[in-house]
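We use all heavy atoms of the structure for the numbers below, so side chains are in, but hydrogens, waters and symmetry mates are not. Keep in mind that what you see is a predicted model, and the values were worked out from it rather than measured. Here is how names work: the chains are called A, B, and so on, in the same order as the sequence lines, proteins then strands, and each is numbered from 1.
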Amino acid sequence: MNDYKRLFEEAERLKPPPGLWRRIESQVGMRSGAGPEGAGFLGSPALRAAAAVVLAVGLLGLGLMLRQRPDQVEVAVSSLPAVQAAEETGTELVDPELLGWHADLGEVEEESDAADEAGEVL
Amino acid sequence: MVSWFGPEKKSIEQLREGGLEGLHWIYGTYSQRILNQCFRILLSKEQAEDVVQDLFVKLPEIIAEFRGESSLGTWLYRVAHNMCLNRLQQAKNRNKLEWENAEELAPRSQGASIETRDLLGKALAVLDAETRSMLWLKEGEGVPLKELSDIFRLPEGTLKSRLSRARDKVREYLEKEARVERL
């Protein structure tokens, strides 16, 4: 065997150190967040497509409901606790007496305007 | 198109679905060959291990680029080759790798005789990184010319002439070393 061939045939061949796979495994887990299997599941195109379909069906259903039965939707919306609370708050803020006073004031102003106009004429 | 079959195909599918079993199978099958290829390009055991680690960590993402036009092994050799050249380029930019390599050429691990191992490292060091990669895969791993053509994206004729020139340089180096030893 010549020197050239022996150079390659007797060459040292490295073996991956025992800890190398562990390091790769842990880094793959870190890169994918919840581990490689979890990431694969969460990030799979099939799951993303399924989520998109569920969202589209939900929006379509809401749209149909609004189109076909707006009264029921209104009732359903008005029965929401948040809406009820808002309504209660609204009635407290608008004081009926204040509204009455404001209305009287308007009348008084109207009356005085009429008197002024009469005086001017006289 | 090269057909890839059996456990290799299954592993690729598992890897594409995010399964660690597929990655483990590919690691077990190819990591040693890739490690040695990187070692011969970078002339550094530590840096070769870094590249192998980097390659397998990125593999779940970059496997999408593997279209099965060559065997997985050929594709991995190509990816490893490119990663090593990138690393050399980065190190060259930092202008410090030459000194690190000079230290790495000193034999450390067990296996082949120290003299032979050291001589191979020195002999390959007379070649540029890409030619080192070609020559190692041809002579050290027995990769056929057709596959080398896929790895380096070069016509077989070009590869033959580059390999021939590389052999001449290595032989020349060996003769010079032998003359020095006889003195």
Side-chain angles (χ1 to χ4, degrees), chain A residues 1-67 76 80 82, chain B residues 14-24 27-28 31-40 45 48-50 52-61 107-121 123-124 135-136 138-142 167-168 170-171 173-175 177-178:
Chain A
M1 193 191 297
N2 66 35
D3 288 348
Y4 177 81
K5 282 199 169 183
R6 198 169 61 235
L7 189 70
F8 286 94
E9 290 191 6
E10 293 180 3
E12 178 192 20
R13 278 172 168 75
L14 301 178
K15 285 185 177 175
L20 187 58
W21 170 247
R22 288 274 168 223
R23 293 205 296 273
I24 291 165
E25 199 177 25
S26 66
Q27 279 199 30
V28 168
M30 280 194 291
R31 278 170 78 96
S32 59
E37 283 164 27
F41 176 69
L42 289 170
S44 71
L47 190 79
R48 284 199 293 271
V53 167
V54 167
L55 184 66
V57 167
L59 288 171
L60 188 68
L62 186 65
L64 283 171
M65 206 170 156
L66 278 167
R67 191 185 170 91
L80 289 170
Chain B
Q14 283 175 335
L15 188 59
R16 283 182 169 150
E17 288 162 10
L20 203 61
E21 302 91 347
L23 183 66
H24 193 245
Y27 177 84
S31 61
Q32 187 170 355
R33 274 177 274 177
I34 292 168
L35 178 66
N36 281 291
Q37 182 202 9
C38 295
F39 177 47
R40 296 305 172 190
K45 190 178 167 183
E49 285 176 9
D50 277 357
V52 171
Q53 182 174 327
D54 203 20
L55 190 157
F56 279 94
V57 167
K58 286 177 180 165
L59 198 55
E61 289 170 31
R108 289 183 189 181
S109 57
Q110 295 168 357
S113 67
I114 287 170
E115 292 76 16
T116 307
R117 187 173 61 240
D118 192 22
L119 194 58
L120 178 63
L124 289 175
L135 196 64
W136 170 255
K138 183 79 182 82
E139 311 287 25
E141 297 286 357
R167 283 187 196 107
D168 288 346
V170 169
R171 284 197 180 104
Y173 178 84
L174 290 175
E175 281 167 16
E177 282 294 301

(request) Let me know if B:Ile34 has heavy atoms under 4.5 Å from chain A in its side chain, its backbone, both or neither. (result)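 Contact with chain A: none, neither part.
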Please find the pair of heavy atoms, one from [X] and one from [Y], that lie closest to each other, and give the distance.
| X | Y | result |
| --- | --- | --- |
| A:Leu20 | B:Val52 | CD2-CG1, 3.9 Å |
| B:Tyr27 | A:Pro17 | OH-O, 4.4 Å |
| A:Arg23 | B:Glu49 | NH2-OE1, 4.4 Å |
| B:Gly140 | A:Phe8 | N-CD2, 3.9 Å |
| A:Tyr4 | B:Arg167 | OH-CG, 2.9 Å |

(request) Evaluate the criterion side-chain contact (heavy atoms from CB on, under 4.5 Å) for residue pair B:Phe56 and A:Gln27; output intermediate values, then yes/no. (result) CA-CA 10 Å; B:Phe56 279 94; A:Gln27 279 199 30; over 6 Å; no
Could you measure the distance from the [atom1] atom of [X] to the [atom2] atom of [Y]? Nearest 0.5 Å is fine.
| X | Y | atom1 | atom2 | value |
| --- | --- | --- | --- | --- |
| B:Leu35 | A:Leu14 | CG | CG | 5.0 Å |
| A:Arg22 | B:Gln53 | CZ | CD | 13.5 Å |
| B:Leu23 | A:Glu25 | CG | CD | 8.5 Å |
| A:Glu12 | B:Arg40 | CD | CZ | 6.5 Å |

